[in-house]
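These notes are about the structure you will find just below.
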2 protein chains.
Amino acid sequence: MSATIKDVAERAGVSIATVSNVVNGSRFVSGDLAEKVHHAIKELGYQPNPLGRALRKGRSYTIALILPDHSNPFFVQVARGVDEQARRREYGLITCNTDEDPDLETFYVSSLLKRKVDGFVVAPTHRGAETLKPLIEHGAPLVVVDRCIAGMKVDEVFSDNEGGAYEATAYLVGLGHRSIGLIAGIPGISSIEDRVAGYRRALIEHDLPVDESLMAQGCSQIKEGASSAEVLLGKRGITAIFSTNNMMTLGALQCFKKLGVRCPDDVSLIGFDDSEWASAFTPSLTVVAQQAYEMGYSAGDLLFEAIGRGKETHSTRAIKLQTVLIPRESTARPPALRGKKEVHRATSSGGKNKPSASAKSGTRRSPR
Amino acid sequence: MSATIKDVAERAGVSIATVSNVVNGSRFVSGDLAEKVHHAIKELGYQPNPLGRALRKGRSYTIALILPDHSNPFFVQVARGVDEQARRREYGLITCNTDEDPDLETFYVSSLLKRKVDGFVVAPTHRGAETLKPLIEHGAPLVVVDRCIAGMKVDEVFSDNEGGAYEATAYLVGLGHRSIGLIAGIPGISSIEDRVAGYRRALIEHDLPVDESLMAQGCSQIKEGASSAEVLLGKRGITAIFSTNNMMTLGALQCFKKLGVRCPDDVSLIGFDDSEWASAFTPSLTVVAQQAYEMGYSAGDLLFEAIGRGKETHSTRAIKLQTVLIPRESTARPPALRGKKEVHRATSSGGKNKPSASAKSGTRRSPR
DNA sequence: CTGAAAGCGCTAACAC
DNA sequence: GTGTTAGCGCTTTCAG
């Protein structure tokens, strides 16, 4: 079909080794021969076959990205970041969607391991990370994003979830809310757990009771967001809801709509993750935004660093990305206080929320 | 690292050919030996290395999916359909996002061709399809989705865009609208052009003037949707807008919001493509839904059929999928007619809209 | 029915 | 500096 290294060698009247050396710059080749080789390559339109190279070198020049939900705009942005990195380095990228299914995650891991992928970026379905064991035992380069895993030391990139949730909750408190419901996503995932922790800390630091009945847990899906919201709206006195996940926020809105609950007139809503529709909604949504593209981009950085390092062990690295609160229309003072002057109790992320030592300073964002 | 076919052969006391034959079922192997081989495989946890196989067979057991916008939920669903097909057949899938950039499309095509991908599913950035020339010349199996290309004969799967647009427009006419704006997406793409054609036919068949100034063209992005909507809202007498694209519909809503235009009180809005947020919006959106998952799934079918067929030429196939109008809250009678009884002129897709001969009967939908 | 051996395209010793 | 050659792991003739 297409020309091989042998064809080029014959054409240029040199050995295949010389062609290889010219192509890869692995050895010095005299200008004379190099010239001929380049010529032959151009004439035949030679493209080195990555399969041959892969077999020989034992690596495929391909990395894998395993994400839990391609429908979630957050992960789409993460994917863009990783994609950019792979393209820059002329690496192939295989993106997989587990739909939060650990079995599918296990399937993908083994299937990609077979394919001799050079490294993995993954947002695991569970912090236990049994699904990633084969990877780690195999010693494959791995970077975990969005969700940290327990026990094992691996490179990781994640948001300051605790801080972001604190800020969101404190913002609601600052508006005058005293009874704030929580819609929590999938249990057993560090990002969600950290957000719940931030919510709790904010209540405690502002001398508000932590009421377990005001905390609904679901599965980071639209439907579950809707049912969680419905439960919370049944509690008397509730004037605000903090939703810890993109998709569940959407569900909460569907629920509001169904029940005829006006936002922010009846109840305020603040979500985690910004999205394209968040600002188009009526009301537009107040959210805690993450640096999604940056998360993927940094993960790519770490991964390629690890790949470059090869088998040598190294101390693992953690990159924590700051979140940013974007106030919009879905949050307002509670009905009882409407019209009275605002008691601004807290809008910053609070004293205990120490800045991350490893966070990048420059905030790179999606090119789009 | 991991066990090779040689290890298995030694362990089982047979030749590597026998192991290969057992693994692939390519030749009959006596029960006795087969037994031993299976045993050895299990003991060593042998996994055939796809790279070796790929090199030998000249195919990679991987297909590529090239899509123009991963942020668009429509394409995410298409991707799910293709993904399912690839997984069923134990093929790898490489998904690429061109962001509607022809140069990026060209890059991906050449890069994937180098990697000896076995087949392509692509939604091209332009109907001219210069970007796909290398593919076609190379004879690589190819299925085009969502957007047809001109001139070349290739397998294709697409929606009945003309019919869907006709139905949308006729629906608005039926509600009493007489001045209906159009937000058109990227020019030079068949799906968009067909939708514009359907809009025109509906106006003509209902004896309404076709006013070019009521047709705004943009680039299938949120921003462009917003600016198009702003232009249209400047036209006097306009009471309804038909948006031919998911993302532009979102932009139109942002624009409405910015300008304080109430929907459907001031102007009705109908979009192409359903999405998760379409039903959560206030107002919820009336849309023409496509069978996105099915589109990807069918494309996978056609592709693997072509791959199985090998180099033999064949007559190309076209699968046309029906659309379905989902009435929600964003469409209502025009302000002037509010309260008067409805003149139901048309809600079906009209007589000229003949059903597709090749459309699948069963409507397979996403498992989620 | 099974084994030996060639070779897919490439890289990396090893020679000269 | 450059060429020769031995494989990477696998499939598939070709012999027997």
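These numbers were taken from a predicted model, which means no experiment stands behind them. The figures that follow rest on heavy atoms only: side chains count, while hydrogens, waters and symmetry mates do not. All chains are named by letter (A, B, ...) in the order of the sequence lines, taking the proteins before the strands, and each is independently numbered beginning at 1.
Stacking of Arg59(B) on the aromatic ring of Tyr61(B) is recorded, both the 6.0 Å distance cut-off and the 45° axial limit being met.
By the neighbour-count criterion of 12 heavy atoms within 6.0 Å, atom CD of Glu35(A) is sparsely surrounded, having that number or fewer from other residues, nucleotides or ligands. At most 12 non-hydrogen atoms from other residues, nucleotides or ligands lie less than 6.0 angstrom from CZ of Arg317(B).
Scored by the ring pair (Phe, Tyr, Trp, His ring centres under 6.0 Å) test, Tyr46(B) finds no partners at all (sequence neighbours excluded).
Contacts of Pro48(A) with the nucleic acid, taken as non-hydrogen atoms under 4.0 Å apart, involve only primed sugar atoms and P, OP1 or OP2. Base contact: Ile5(B) has a heavy atom under 4.0 Å from a base atom.
At a threshold of 4.5 Å between non-hydrogen side-chain atoms, the residues Glu156(B) and Asp146(B) do not count as touching.
Between dC10(C) and Tyr46(A), a contact under 4.0 Å exists linking OP1 or OP2 to a side-chain N or O. For dG9(C), neither phosphate oxygen OP1 nor OP2 lies less than 4.0 angstrom from any side-chain nitrogen or oxygen of Arg53(A).
Side-chain atoms of Thr316(A) and Asp155(A) form no donor-acceptor pair, as typed in the model, at a separation below 3.5 Å.
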| field | Where protein sits on nucleotides 2-8 of chain D, one letter per nucleotide: B base, S sugar-phosphate only, - none, heavy atoms under 4.0 Å | value | BBBBBBB

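Each end of the helix from dC1(C)-dG16(D) to dC16(C)-dG1(D) gets its own axis from five base pairs, and the two axes differ in direction by 50°, given to 10 degrees.
Using a 4.0 Å cut-off between a side-chain N of Lys or Arg and a carboxylate O of Asp or Glu, Glu130(A) and Lys133(A) do not qualify as a salt bridge. Remark: Lys57(B) does not engage Asp118(B) in a salt bridge, criterion side-chain N to carboxylate O under 4.0 Å.
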